[in-house]
Amino acid sequence: MTEMVFGTSPVRAGDPILPRWWRTVDRWSLACVLGLFAVGLLLGLAASVPLAEKNGLPQFYYVIRQAVFGAMALATMLVISTFSPRMVRRIGVLGFLAAFVVLFALPFIGTDFGKGAVRWLRLPGGMSVQPSEFLKPFFVAICAWFMAASQEVGGPPGKIFSFGLAVVVVVLLAMQPDFGQASLVLFSWCVMYFIAGAPLYLLGGVMGLACTGGVFAYGASEHFARRINGFLAAEVDPRTQLGYATNAIQEGGFFGVGVGEGTVKWSLPDAHTDFIIAVAAEEYGLILVLIIIALYSAIVIRSLWRLQDERNPFVRIAGTGLACAFGVQALINMGVAVRLLPAKGMTLPFVSYGGSSVIASGIAMGMLLALTRSRPQGRLGDVLGRGRG
């Protein structure tokens, strides 16, 4: 029986799929994801109870829902992580087409749930879904496919196609308005474009266009201008979400005020979602916050490290885009809570409450684990030749 060497683990060609998957998957990143999910449930026990009581629901209603969403996300992640790069590319293209159609129709069939931004699609049974959450990982996959195809001899102008696609998606997200997701999509595209070999001056031009768009949005959108003004204000209004979050982080100190002793969860309407890190800082202190940061950092660094010698252009570009988007989303969420960034309404992957956010994070992480699995590295020319299929 023949053997192939995947990284440092020999894999027999006739091995069943699960043993082969276990030998080749990044088990450290997998463990970090499970750690983040456990932290999310722990914080949900504290942060979601006030909301449940306010809405007249059982005390642990949202915690149970989070556990169900998390189980669905982890199952999805594990299934996708067994896929080949070609299968990841295919589900990325199909998933993007489906999410894009829904996102395009959102202004006509969507709802804002009283939050001033039409970002959700209401489903039967009181359920809702946020299409932009699912669009992000699929967007990375389809743009990586375009960029990888452009590197083939006689290939299409994939970089131009990906840029046009990025512009359309950013405009649709800005119309909701959802400038946070739009910024994340643009960032992931810039990272992939850089990895694909783009000149720095072109990236500088794109960033210049983004800044120009930001200035235009400031003048045209009251929602955007209000958040920027609040961020630039000399002092934080203590009655705002940022004010409550800042005070909670200061009160927590190094070791926190104690489990269940925090008060910010009773004041912040989004304590279980956008400002979950404030609950962590107040009740568990800086120690838990550093653990959370370490878990996210480990996933991103290990993924990039495993991708550095990858010879398949699609795998290298898509994997880098997914890893960086995952890390930057966490950075934005925590940066908003400590007032390093303007408020953007972005969740903390696997930690914040929310069905769309958790399941979409499971899809993204499943794709990343699939792309970072150890596999034989052939000659670059051979890899490009197989990529045409």
Side-chain angles (χ1 to χ4, degrees), residues 69 72-106 110 119-121 129-150 158-159 161-174 176 178 180-193 195-196 303 307 312-329 346-347 349-350 354-372 387:
F69 291 141
M72 295 170 59
L74 293 177
T76 303
M77 178 187 74
L78 293 176
V79 170
I80 295 178
S81 68
T82 65
F83 290 173
S84 66
R86 180 175 297 181
M87 184 61 69
V88 170
R89 186 187 66 202
R90 288 174 178 173
I91 66 170
V93 173
L94 295 176
F96 176 83
L97 293 176
F100 181 80
V101 168
V102 177
L103 185 69
F104 187 81
L106 209 57
R119 302 176 184 173
W120 295 270
L121 180 66
V129 64
Q130 188 174 352
S132 60
E133 291 285 356
F134 295 94
L135 184 79
K136 290 181 296 185
F138 298 141
F139 170 81
V140 169
I142 193 171
C143 284
W145 178 39
F146 284 147
M147 293 180 186
S150 69
K159 293 179 181 178
F161 291 164
S162 70
F163 176 71
L165 199 62
V167 171
V168 173
V169 170
V170 167
V171 169
L172 288 177
L173 290 173
Q176 292 184 0
D178 192 346
Q181 301 284 17
S183 301
L184 190 57
V185 165
L186 185 60
F187 168 81
S188 61
W189 180 86
C190 288
V191 167
M192 290 188 293
Y193 199 38
I195 296 299
S303 298
L307 288 164
N312 186 311
F314 169 77
V315 173
R316 186 175 63 252
I317 296 170
T320 303
L322 289 167
C324 291
F326 181 79
V328 168
Q329 179 170 339
M346 194 168 292
T347 57
F350 291 111
S356 295
S357 172
V358 174
I359 296 175
S361 296
I363 293 173
M365 187 51 55
M367 295 169 68
L368 182 58
L369 289 172
L371 296 174
T372 55

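- Distance check: C190 SG to I195 CD1 gives 12.0 Å after rounding to the nearest 0.5 Å.
- For F100, the ring pair (Phe, Tyr, Trp, His ring centres under 6.0 Å) partners are F96, not counting sequence neighbours.
- Note that the CG atom of L368 and the OG atom of S361 stand 12.0 Å from one another [nearest 0.5 Å].
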message: M77 vs I363, test: side-chain contact (heavy atoms from CB on, under 4.5 Å). Steps then yes/no.
response: CA-CA 5 Å; M77 178 187 74; I363 293 173; over 6 Å; no
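- The salt bridge (charged side-chain N to carboxylate O under 4.0 Å, His left out) analysis of residues 72-81, with sequence neighbours excluded, yields no pairs.
- Aromatic pair F314/W145: ring centres not closer than 6.0 Å.
- Rounding to the nearest 0.5 Å gives a distance of 9.5 Å between CG of L172 and CG of L106.
- Closest heavy-atom contact between L307 and G319: CD1-C, 3.3 Å.
- One distance of note links CD1 of I359 with CZ of F350; it measures 11.0 Å at 0.5 Å rounding.
- The aromatic rings of F163 and W189 lie tilted to each other, with the angle between the two planes from 30° to 60°.
- Proximity of T320 to M192: side-chain heavy atoms (C-beta onward) are nowhere separated by under 4.5 Å.
- Between the CD1 atom of I91 and the CZ atom of R86 there is a distance of 14.5 Å, given to the nearest 0.5 Å.
- By the 4.5 Å heavy-atom criterion applied to side chains, D178 and Q130 are counted as neighbours.
- In terms of the side chain to side chain donor-acceptor pair (under 3.5 Å) criterion, S303 has no residue partners (sequence neighbours excluded).
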Show which side-chain atoms of residues 133-144 pair as donor or acceptor with protein atoms under 3.5 Å away, not counting sequence neighbours.
from: E133; atom 1: OE1; to: K136; atom 2: NZ; distance (Å): 3.2
from: E133; atom 1: OE2; to: Q181; atom 2: NE2; distance (Å): 3.2
from: K136; atom 1: NZ; to: Q181; atom 2: OE1; distance (Å): 3.1
from: K136; atom 1: NZ; to: Q329; atom 2: OE1; distance (Å): 2.8

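- Applying the ring pair (Phe, Tyr, Trp, His ring centres under 6.0 Å) criterion to F187, with sequence neighbours excluded, gives no partner residue.
- Residue S150 comes nearest to G158 through the heavy atom pair CB-N, 3.5 Å, listed as atom of the first residue, atom of the second, then distance.
- For S188, there are no side chain to side chain donor-acceptor pair (under 3.5 Å) partners, not counting sequence neighbours.
- Nearest heavy-atom pair, I80 versus G366, reported as atom, atom and distance to 0.1 Å: CG2-C, 3.5 Å.
- When every heavy atom of V185 is checked against every heavy atom of V169, the shortest pair comes out as CG1-CG1, 4.0 Å.
- The CZ atom of F326 lies 11.5 Å from the CG atom of L184; values are rounded to the nearest 0.5 Å.
- Between A196 and I317, the closest heavy-atom pair is CB-CD1, 3.9 Å.
- Inter-residue side-chain proximity for R90 and F83 is flagged as unmet; no heavy-atom pair is nearer than 4.5 Å.
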- prompt: Should L103 and Q176 be marked as a side-chain contact (heavy atoms from CB on, under 4.5 Å) after you check the CA-CA gap, both sets of side-chain angles, and the distance that decides it?
  reply: CA-CA 9 Å; L103 185 69; Q176 292 184 0; 2.9 Å; yes
